[in-house]
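The structure appears right after this line, and notes come after that.
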Amino acid sequence: MRISVIGCGHLGIPHAAAMAELGHEVIGVDVDQAKVDRLNAGECPIYETGLPELLARHTTSGRLRFTTSISEAAEFADLHFIGVGTPIDADGRSYDTGQVYGAIRQLAPHLDRPCTIVGKSTVTVGTTAQVTVLAQRLAPAGNRVDVVWNPEFLREGHAVADTLRPDRLIAGVTTAEGEKAIRAVYAPILDAGVPLFVTDPQTAELAKGAANTFLGLKISYANALADMCEAAGGDVDQIVGILGIDPRIGSGGMRPGIGYGGGCLPKDIRAFTASARQLGADEAADLLRSAEKINESRTAGALDLITRTLGDRPLKGAKVTVWGAAFKPGTNDVRESPALALARALQEAGATVIVHDPQAIATAVNRNPELDYTDDLSASIDGADVVVLATEWPEYQQADPHALVERPANPLLVDCRTALDPEPWRLAGWKVRQLGRPGK
């Protein structure tokens, strides 16, 4: 493919060189003539492991060149990567996307044939939509210009390796043509088995921020533990090693839901927060308290989702089935169960609530006798205005949506554990909503 990379800095130069390494013909664009001259001479103005050799190899071969002319790039390429900087704004809290919009304003008037613009810069959610409107308004090709957001996850010092051998690729697309272009430009990487996550643009935009924020939180958490160890005489290296072998601290345990419960986690986090405060590690305590606050807000968030799912039907007077009473599957423990907390909140809002659980009804009745219960899964949804999955038991995940669809008054299912594959349910006629996922 013929590719342009607009913006030649710590992102753009490695990306341009790596695209040439993949076999594409590449033109890089930058406003700095002196930098462009150095790059065309095979001299790298930044240092990245392996980049000087890669740059020299492909500028010599003619597969990679640089220019200050964006019109030249527009004429040359069919796919344009935007790799300009997005520094922190003057408010200290948001991105300055001026260079992104500036690049689009310069590029788009020269786009007179179908092409794809691929954003790689880190941006605020919603930027892709705004960039699309701007690009299609300014481009002679109009809506034949696709915009895709393909965030980078480069580690400085490893930018070449991370571009050529990434652990994943993300493409936020709105058209089949946009996805096709991404698959074509990254074909050698995809053929090597690297996973591609095809999403909507806003998910792609959020994914970059989410990844870096999570990394920041992990570092902050380790520093908070270090503060506590410093005050208590503990060994943070040993604690980090102990935590690191726990599979839940990988991707496991990261499913969105209505929060944690049970007899251990809630009290342990409260006690650990108190210990941090007592030890004088106030920042650690604040971080841990933030986790508690998030957990405490989950019931209200689920209640809001259920209310929105009902639409014009008021929650007050609605018949709501709650699937799940235990705080998690595989136990009948209902201590601090998020499922029961949600059931109580629904009842307090005026809904008529019935709770089903395959194992925990007896313990739930003892703890919350004010609620109604049944041990018959099918009967539990008879006449329901909405069914709410609150504990991810296998019985619910393996239930036959076709056999159940005629029993509720309205086949609405709110999956508050994001535990179900929604497609079989939707194909059976259910409307399914899940926390953190678009409804259909």
Side-chain angles (χ1 to χ4, degrees), residues 48-49 122 151-170 189 192-197 203 206-298 327-331 333 335-336 338 391-392 417-419 435-436:
E48 281 282 344
T49 302
T122 305
E152 53 85 15
F153 294 89
L154 306 183
R155 300 165 297 163
E156 286 196 49
H158 302 270
V160 172
D162 287 348
T163 304
L164 291 173
R165 295 177 295 279
D167 52 16
R168 79 283 204 195
L169 291 167
I170 300 175
I189 294 174
V194 172
L196 170 66
F197 293 85
T203 300
L206 286 167
K208 172 60 187 291
N212 276 358
T213 299
F214 190 66
L215 290 172
L217 284 169
K218 290 184 75 173
I219 294 168
S220 295
Y221 187 62
N223 286 328
L225 290 174
D227 289 344
M228 296 178 69
C229 287
E230 182 73 20
D235 185 333
V236 71
D237 286 338
Q238 288 186 323
I239 291 176
V240 168
I242 291 164
L243 297 181
I245 65 170
D246 189 331
R248 295 169 301 173
I249 297 177
S251 59
M254 288 187 65
R255 178 188 296 150
I258 50 175
Y260 52 72
C264 294
L265 203 57
K267 72 176 177 64
D268 288 347
I269 291 176
R270 291 179 192 128
F272 203 53
T273 303
S275 294
R277 193 75 69 191
Q278 291 163 3
L279 291 166
D282 289 337
E283 288 83 2
D286 291 342
L287 177 64
L288 294 167
R289 178 61 188 138
S290 294
E292 289 185 68
K293 288 180 178 178
I294 291 170
N295 194 60
E296 292 162 2
S297 72
R298 296 304 90 195
F327 84 93
K328 69 175 183 178
T331 181
D333 192 347
R335 288 177 294 173
E336 299 205 40
T391 307
E392 61 273 36
R417 290 291 187 179
T418 59
L435 285 170

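Worth saying up front: this structure is predicted, and the values here are computed from it rather than measured.
With values rounded to the nearest 0.5 angstrom, Lys218 atom NZ is found 13.5 Å from Asn223 atom CG. Distance check, rounded to the nearest 0.5 Å: CG of Asp246 to CD1 of Ile242 gives 11.0 Å. Remark: Asp227 CG to Leu279 CG distance equals 10.0 Å, nearest 0.5 Å. To the nearest 0.5 Å, the span separating CD on Glu392 from CD1 on Ile258 amounts to 8.5 Å. With values rounded to the nearest 0.5 angstrom, Tyr260 atom OH is found 4.0 Å from Asn295 atom CG.
Side-chain atoms of Val194 and Leu169, non-hydrogen and from C-beta on, do get closer than 4.5 Å to each other. Under the 4.5 Å side-chain criterion, counting only non-hydrogen atoms from C-beta, Tyr221 is in contact with Leu287. For the pair Thr122/Glu152, a side-chain contact is recorded, criterion being any heavy-atom separation below 4.5 Å from C-beta on. Thr163 places a side-chain heavy atom less than 4.5 Å from the side chain of Leu154.
Within the cation-pi definition used here (under 6.0 Å to the ring centroid, within 45° of the axis), Arg168 qualifies as a partner of Phe153.
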Check against side-chain contact (heavy atoms from CB on, under 4.5 Å), Cys229 and Asp235: CA-CA 6 Å; Cys229 287; Asp235 185 333; 5.9 Å; no
Worked verdict on Leu225 versus Leu243 for side-chain contact (heavy atoms from CB on, under 4.5 Å): CA-CA 11 Å; Leu225 290 174; Leu243 297 181; 3.9 Å; yes
Contacts table for residues 266-273: side-chain donor-acceptor under 3.5 angstrom, sequence neighbours left out:
unit_1 : atom_1 : unit_2 : atom_2 : d
Arg270 : NH1    : Glu336 : OE2    : 2.9
Arg270 : NH2    : Glu336 : OE1    : 2.8
Thr273 : OG1    : Ile269 : O      : 2.7
Thr273 : OG1    : Glu292 : OE2    : 3.1

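Between Pro338 and Arg417, the shortest heavy-atom distance links the atoms CG-NH2, 3.6 Å. Here the closest non-hydrogen pair linking Gly261 and Leu265 is O-CB, 4.2 Å. When all heavy atoms of Ala276 and Leu288 are compared, the pair lying nearest together is CB-CD1, 4.4 Å.
A salt bridge between Glu48 and Arg155 is absent, with no side-chain N of the basic residue lying under 4.0 Å from a carboxylate O of the acidic one. At a threshold of 4.0 Å, the pair Arg277-Asp286 counts as salt-bridged, since one of the basic side-chain nitrogens sits closer than that to a carboxylate oxygen.
Here Lys328 pairs with Thr331 under the side-chain contact (heavy atoms from CB on, under 4.5 Å) rule; sequence neighbours left out.
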